[in-house]
Each structure stands twice: as structure tokens, then as C-alpha cells.
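Residues: numbered from 1 along the sequence shown.
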Amino acid sequence: MAPTSVSPAHDKVGYWSPNTSSIDWCENNYTISYYIAEFWNSTSSLIIVAIALAGYMNLASYKERRMTLLMQAFFVIGVGSVLFHGTLRHKMQLLDELPMLYAATIGMFICIETRFGKQGRWFPIALTVWT
């Protein structure tokens with residue numbers, strides 16, 4: 001069972017110590033494993049990886065490029081989340097947070113083109129610049 005109380009006094013020193021991320025989540029660090037800072041957050045992020053892989057495998061046969069790109073972005077989010085919660089390092093935090101912004105932009109592109117039709121070559125370029 002996951003720890004229920006969170007206190008810096010209960011955090012342990014681990015392999016990746018000291019933490020360099022700007023955020024330390026709701027789990028005591030290194031309580032389950034010396035090598036994984038936030039064990040339960042890391043392992044639960046593997047579900048994102050599995051769902052993204054399943055979605056990619058199912059959508060690849062439809063040759064819908066924008067949807068497979070979204071599943072690839074979700075895969076990167078899952079891997080980045082596992083790495084971030086496992087290490088609590090700033091560079092891994094960027095691998096967790098930046099792909100979320102990119103996936104949201106891809107999702108916005110899909111929604112707008114689904115609702116209003118093709119927007120032309122300018123639209124993905126404008127979204128990329130905006131992001």
C-alpha cells in the first residue's frame with residue numbers, strides 16, 4: 001500500500017538524491033526502493049505507456065497520421081513521467097511536462113480540423129510557433 005502521510009522528515013536519501021526538480025509530489029521519497037524516488041507515481045505512469053502503445057498499435061492500421069502522432073505524444077508523456085517520478089531531477093521534469101503541452105496542441109489541432117475541416121498548411125505551422 002502506498003504511504004499516506006507526506007513529510008520531508010520522512011523522505012529518505014536515495015540513488016538520485018538530492019532532488020533538483022521544482023516539484024516534489026504527494027509521496028514520500030525512496031520509501032519502497034533506493035533507486036526509485038516516488039515508487040507508486042512511477043509505476044502508475046507505466047499505465048500511460050501501455051495505453052499509448054495499445055492506441056498506437058490499433059490506430060497505425062488506419063493510417064490516420066494525426067492520431068498516431070497523438071499516441072506517440074502520449075507514449076513520450078508516459079516515459080517522461082516514469083523518469084521524472086523515478087528520479088525527481090529537473091531535466092526529467094521537462095520530459096514529463098513539455099510533452100503534455102505538445103500533446104494538448106496536437107489534440108487541439110485534431111479537434112479544430114475535425115470540427116471545421118482542413119485548415120491548410122499554415123495551421124500546423126501557426127500552432128507550432130504558438131507552442
Which pairs would a plain distance check flag for residues 70-77, meaning a side-chain donor or acceptor within less than 3.5 Å of a matching protein atom at least two apart in sequence or in another chain?
none

Atom pairs and distances, side-chain donor-acceptor, residues 101-110, under 3.5 Å, sequence neighbours left out:
from: T105; atom 1: OG1; to: L101; atom 2: O; distance (Å): 2.9
from: T105; atom 1: OG1; to: T131; atom 2: OG1; distance (Å): 3.0

Please output the side-chain donor-acceptor pairs of residues 42-50 that fall under 3.5 Å, not counting sequence neighbours, one pair per line with the distance.
from: S42; atom 1: OG; to: E38; atom 2: O; distance (Å): 2.9
from: S42; atom 1: OG; to: H85; atom 2: O; distance (Å): 3.4
from: S42; atom 1: OG; to: G86; atom 2: N; distance (Å): 3.0
from: T43; atom 1: OG1; to: F39; atom 2: O; distance (Å): 3.1
from: T43; atom 1: OG1; to: W40; atom 2: O; distance (Å): 3.3
from: S44; atom 1: OG; to: W40; atom 2: O; distance (Å): 3.0
from: S44; atom 1: OG; to: N41; atom 2: O; distance (Å): 3.1
from: S45; atom 1: OG; to: N41; atom 2: O; distance (Å): 2.8
from: S45; atom 1: OG; to: S81; atom 2: OG; distance (Å): 2.7

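Taking CD of E27 as the start and CD1 of I36 as the end, the distance is 10.0 Å to the nearest 0.5 Å. Taking CG of L95 as the reference point, atom NZ of K91 lies at 10.5 Å (rounded to 0.5 Å). Taken from CZ in F123 to OG1 in T128, the straight-line distance is 10.0 Å, to the nearest 0.5 Å.
With sequence neighbours excluded, the residues that form a side chain to side chain donor-acceptor pair (under 3.5 Å) with E97 are Q93.
No path of Ile, Leu, Val, Met, Phe, Trp and Tyr side chains, each step under 4.5 Å between heavy atoms, connects I51 with L53, placing them in separate hydrophobic clusters. Cluster annotation: F84 is not connected to V82 through the hydrophobic network of ILVMFWY side chains, with a link wherever side-chain heavy atoms come within less than 4.5 Å. Following chains of ILVMFWY side-chain contacts shorter than 4.5 Å, one cannot reach L69 starting from V129, and the two form parts of different hydrophobic clusters.
Pairs of residues two or more places apart, or lying in two chains, never qualify as side-chain hydrogen bond (donor to acceptor under 3.5 Å, both in side chains) while including a residue from residues 115-126.
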